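Here the structure is laid out as structure tokens; the discussion comes afterwards.
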Amino acid sequence: MNINKSDSIHSSDFIRQIIREDLRTNKYSKVYTRFPPEPNGYLHIGHAKSICLNFSIAKEFGGLCNLRFDDTNPTKEQSEYIESIMKDVRWLGFDWEDRLFYASDYFDKLYDYAVQLIKDGKAYIDSLSAQEIREYRGTLTEPGKDSPYRNRSVEENLDLFKRMRASEFEDGTYVLRAKIDMSSANLNMRDPVMYRILHSTHHRTCDKWCIYPMYDFAHGQSDSIEGITHSICTLEFEDHRLLYDWFLEQLNIHHSQQIEFARLNISYTILSKRKLLQLVEERYVNGWDDPRMPTISGLRRRGYTPEAIRDFCERIGVAKTYTVVDIALLEHCIRQDLNLRAPRVMAVLRPLKLVIDNYPEDRVEELEAVNNPEDDSMGTRKIPFSRVLYIERGDFQEEPQKKWFRLAPGREVRLKHAYIIKCERVIKNEQTGEIVELHCTYDSETKSGCAKSGRKVKGTLHWVSAAHSIEAEVRLYDYLFLRENPNDVEEGSDFKANLNPDSLETLTSCRIEPSLANEKPGTRYQFLRLGYFCVDIDSSDEKLVFNRTVSLRDTWAKIQKAQK
RNA sequence: UCGAGGGUCGUUCAAGGGUAGGACACCGGCCUUUGAAGCCGAGAAUGAUGGUUCGAAUCCAUCCCCUCGAGCCA
């Protein structure tokens, strides 16, 4: 058996292995997949995993992937969500071409399938209330019992079903159920509801219907109608596969193979549409695209790239094990992508005035700065240097800690792209003791790029020229939740108890170098020594607003932590 | 308790009878006009117990642990 050792059967995730085997044995001759969201919320990164899986698999095997909205519950679904979902899938870089479908496209067909099952004696109309159905269903350990209406005649079932459709009955008075086995150990097989009465306007079919199929009666048949070969879904549907298969067998129609994989979980993050909706509705965040949200739209606004998200989805792998992926991996992916692509600029978030006493008052130099040391083709730009600058407040310590090699009284540092300076004097507010200004001298021999610029100092600081810099607002984001597992709470409390009160910090008096003026929303930069930032849509002509996508790795922060 | 599925470094994914490997994280070093990036290195795992076998993460048995399941949600 060692002959096949290098065979690609063992070279990728279990789903691709199954598909390869299905192709080899001619179970299917082509590969069709689908991404089937319910339009009841915005897509999040967990969906991205599924999107990447389905579209990538189709592409790899020369097949196609459809986009299909699973819109069988009009009480929860809205067109707004449809729009956002299509936008997000496209933004992620996937194309369903002309294959945009809706489960609601199949309502007529589904109705016919239901009639067929009634005629075959495999479905019946139940008059039990929802409460009674629950009671009759039994429990995990006890079998259910048959509904007293289970043996209505085919004629009566047909008649009742027609009248359900014809809007003769109130919501909840009747349901259509499959006649399977009330004592099955699999609860899904205990005569599952196929249709319920819902007098609710559907976002697409409007008021054409007042009965709607349940997920179990819609999904498999929709797959079948579209000729899907591999219906990839998450683990919680594993128990439904028996029912999925049952309907397709009874109906004797094209049978796609359902395959389940483990959904994505990420530390410090919640990926439940229901809970995300709650955060939005109860205003814990500013909408679905709040940059703290794990939604695609939130990540996009935050500055994440589709490439980074796709890379992440590849790296996390596909398996059936319950897992929680370290959010550090997501951060690594975006850093790695942006490192190569984002131009470097200088921005001072918490400005501290610095005066170079021996630099002429009226002098302004245009210094050359490389835009990206990782990519020479990104060129250079000029930045103004003058006597009065701003540096980062955090880059000065009056009484320096161990291993500190930034600025301190008497110490020298390099100003990036400029000169080496030495701190001569600290000016404080006499009342508060707050440091308000630093006075330094510069060494004119040490200009960046010049022959004698080779002198080494330990620290290099970013800076902006006070007179030339422009003001900006910068929003710093931290994890939305304080705990790795946001659902880990005391009895009687819920995930909201773990919300991080400091997940958003807004800095309004930041100074950025003038080359950034007039940038468009979405533009991404590395603010030197700080992190990756992108222009937010809240920016106006008067003021730029930046989101911090992710900070740079911070070794100094680790040293500080270790010193404590 | 019943059914389904799953247990491999801290995390995640490989290896499917033949040297347990990668990535992220962590730690150490080199380099550095970003304490970034990059480069080099280290530590670190087969849930347990038996069995089969020359050889077991892989096959068998028993046990333990985790996830999901009792919507007219998907």
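Each chain gets a letter, A, B and so on, in the order its sequence line appears, and its residues count up from 1. Treat the numbers as computed from the prediction; the structure is a model and nothing was measured.
- In this view, A:R163 and A:D159, A:L160, A:E168, A:F169 satisfy the side-chain contact (heavy atoms from CB on, under 4.5 Å) rule, not counting sequence neighbours.
- Listed nucleotides: B:A74, B:G71, B:A14. Nearest to the side chain of A:R137: B:G71.
- Contact annotation for A:V457: no contact, since no heavy-atom pair falls under 4.0 Å across all strands.
- Here A:L235 lies out of heavy-atom contact (under 4.0 Å) with every strand.
- As rounded to whole Å, 15 Å separates atom P of B:U33 from atom CG of A:L415.
- Shown here are the side-chain contact (heavy atoms from CB on, under 4.5 Å) partners of A:P351, two or more places apart in sequence or in another chain: A:V348, A:Y390, A:R511.
- One donor-acceptor pair, N or O on each side, does fall under 3.5 Å between the base of B:A74 and the side chain of A:H240.
- One C1' atom belongs to B:A57, the other to B:A14, and the distance between them is 12 Å to the nearest Å.
- Among the heavy atoms of the strands lying under 4.0 Å from A:V193 are primed sugar atoms or P, OP1, OP2 only; no base atom is included.
- Within the nucleic acid shown, A:N73 comes within 4.0 Å of sugar-phosphate atoms alone, with no base atom in reach, counting heavy atoms only.
- Close to B:A14, at under 4.0 Å from its OP1 or OP2, lies no side-chain N or O of A:R16.
- Aromatic ring centres of A:F217 and A:F247 lie closer together than 6.0 Å.
- Side chains of A:S167 and A:H199: a donor-acceptor N/O pair is present below 3.5 angstrom, by distance only.
- One atom, CZ of A:F312, and another, P of B:C13, lie 11 Å apart when rounded to the nearest Å.
- Among the atoms of the strands shown, base atoms are found under 4.0 Å from some heavy atom of A:L128.
- The side-chain heavy atoms of A:L476 and A:V474, taken from C-beta on, include a pair separated by under 4.5 Å.
- Remark: the separation of the P atoms in B:A56 and B:G47 is 15 Å, to the nearest Å.
- Rounded to the nearest Å, the gap between the C1' atom of B:U34 and that of B:C24 is 23 Å.
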Inset, instruction - Whenever both distances are under 3.5 Å in a Watson-Crick or G-U wobble pair, mark it; put RNA chain B into dot-bracket that way, with [ ] for crossing pairs and | when the partner is on another strand. - result: .((((((..((((....[..))))..((((.......)))).....(((((..]....))))))))))).....

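- Positionally, the nearest nucleotide of RNA chain B for A:V325 lies more toward the 5' end than for the other of A:M214 and A:V325.
- Residues A:F161 and A:Y174 place their aromatic rings such that the two centres sit no closer than 6.0 Å.
- Between A:Y102 and A:F69, a ring centre-to-centre spacing shorter than 6.0 Å is recorded.
- At the phosphate of B:C13, neither OP1 nor OP2 sits under 4.0 Å from any side-chain N or O atom of A:R315.
- We find that CG of A:L198 is positioned 7 Å from P of B:C73, with the value rounded to whole Å.
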Legend entry - Contact letters for nucleotides 34-47 of chain B, in which S counts primed atoms plus P, OP1 and OP2 and B counts the base, heavy atoms under 4.0 Å: BBSS----------

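- If you check every strand for non-hydrogen atoms under 4.0 Å, A:T139 touches a base.
- Between B:A74 and A:T72, a contact under 4.0 Å exists linking OP1 or OP2 to a side-chain N or O.
- For A:S84, the side-chain contact (heavy atoms from CB on, under 4.5 Å) partners two or more places apart in sequence, or in a different chain, are A:Y42.
- Note: A:F546 and A:F527 meet the aromatic proximity criterion, with ring centroids under 6.0 Å apart.
- Rounded to a whole angstrom, the distance from the C1' atom of B:A44 to that of B:A23 is 14 Å.
- Residue A:H219 is out of contact with every strand shown, counting any heavy-atom pair closer than 4.0 Å.
- In terms of phosphate contacts, A:K558 brings a side-chain nitrogen or oxygen within less than 4.0 Å of OP1 or OP2 of B:C26.
- Between B:G6 and B:A61, the distance separating the two P atoms is 15 Å to the nearest Å.
- Straight-line distance between the C1' atoms of B:G22 and B:A45: roughly 14 Å, to the nearest whole Å.
- Contacts between residues 261-272 of chain A and RNA chain B, defined by a heavy-atom separation under 4.0 Å, are absent.
- Partners of A:A262 under the side-chain contact (heavy atoms from CB on, under 4.5 Å) rule, at least two apart in sequence or in another chain, are A:L235.
- Side-chain contact check for A:E38 and A:Y81: no donor-acceptor pair (N or O, by modelled atom type) lies under 3.5 Å.
- Regarding A:I421, its CD1 atom lies at a distance of 13 Å from the C1' atom of B:U33, rounded to whole Å.
- A:I133 comes within contact range of at least one nucleobase, with a heavy-atom separation under 4.0 Å.
- Side-chain atoms of A:T323 and base atoms of B:U12 include no donor and acceptor less than 3.5 Å apart.
- Residue contacts for A:K273: at a heavy-atom cut-off of 4.0 Å it reaches no nucleic acid atom on any strand shown.
- In this structure, B:G10 is classed as anti because its glycosidic torsion departs from zero by more than 90°.
- Residue A:A319 is classed as a sugar-phosphate contact, given heavy-atom separations below 4.0 Å to backbone atoms only.
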Give each protein N/O atom lying under 3.5 Å from an N/O atom of nucleotides 6-9 of chain B, with the pair distance.
none

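- Across B:C39 and B:U46, the matching P atoms stand 30 Å from one another, rounded to whole Å.
- At a threshold of 4.0 angstrom between heavy atoms, the contacts of A:Y174 with the nucleic acid are absent.
- In the model, A:N186 has no side-chain atom that pairs as donor or acceptor with a side-chain atom of A:S184 under 3.5 Å.
- Distance CD1 (A:I316) to P (B:U11): 17 Å, rounded to an integer number of Å.
- Scored by the ring pair (Phe, Tyr, Trp, His ring centres under 6.0 Å) test, A:Y304 finds no partners at all (sequence neighbours excluded).
- Rounded to a whole Å, the NE2 atom of A:H417 is 14 Å from the C1' atom of B:U32.
- For A:Y215 and A:H219, the distance between ring centers is under 6.0 angstrom.
- Rounded to whole Å, the P atom of B:G5 lies 25 Å from the corresponding atom of B:U11.
- Sorted by first then second residue, the salt bridge (Lys or Arg N to Asp or Glu O under 4.0 Å) pairs that include residues 187-205 of chain A, not counting sequence neighbours, are A:D105-A:R204, A:R150-A:D191.
- Applying the salt bridge (Lys or Arg N to Asp or Glu O under 4.0 Å) test to residues at least two apart or on different chains, the pairs with a partner in residues 235-245 of chain A are A:E236-A:R263, A:E238-A:K320, A:R241-A:E260.
- Under the side chain to side chain donor-acceptor pair (under 3.5 Å) criterion, A:T141 pairs with A:T139, sequence neighbours left out.
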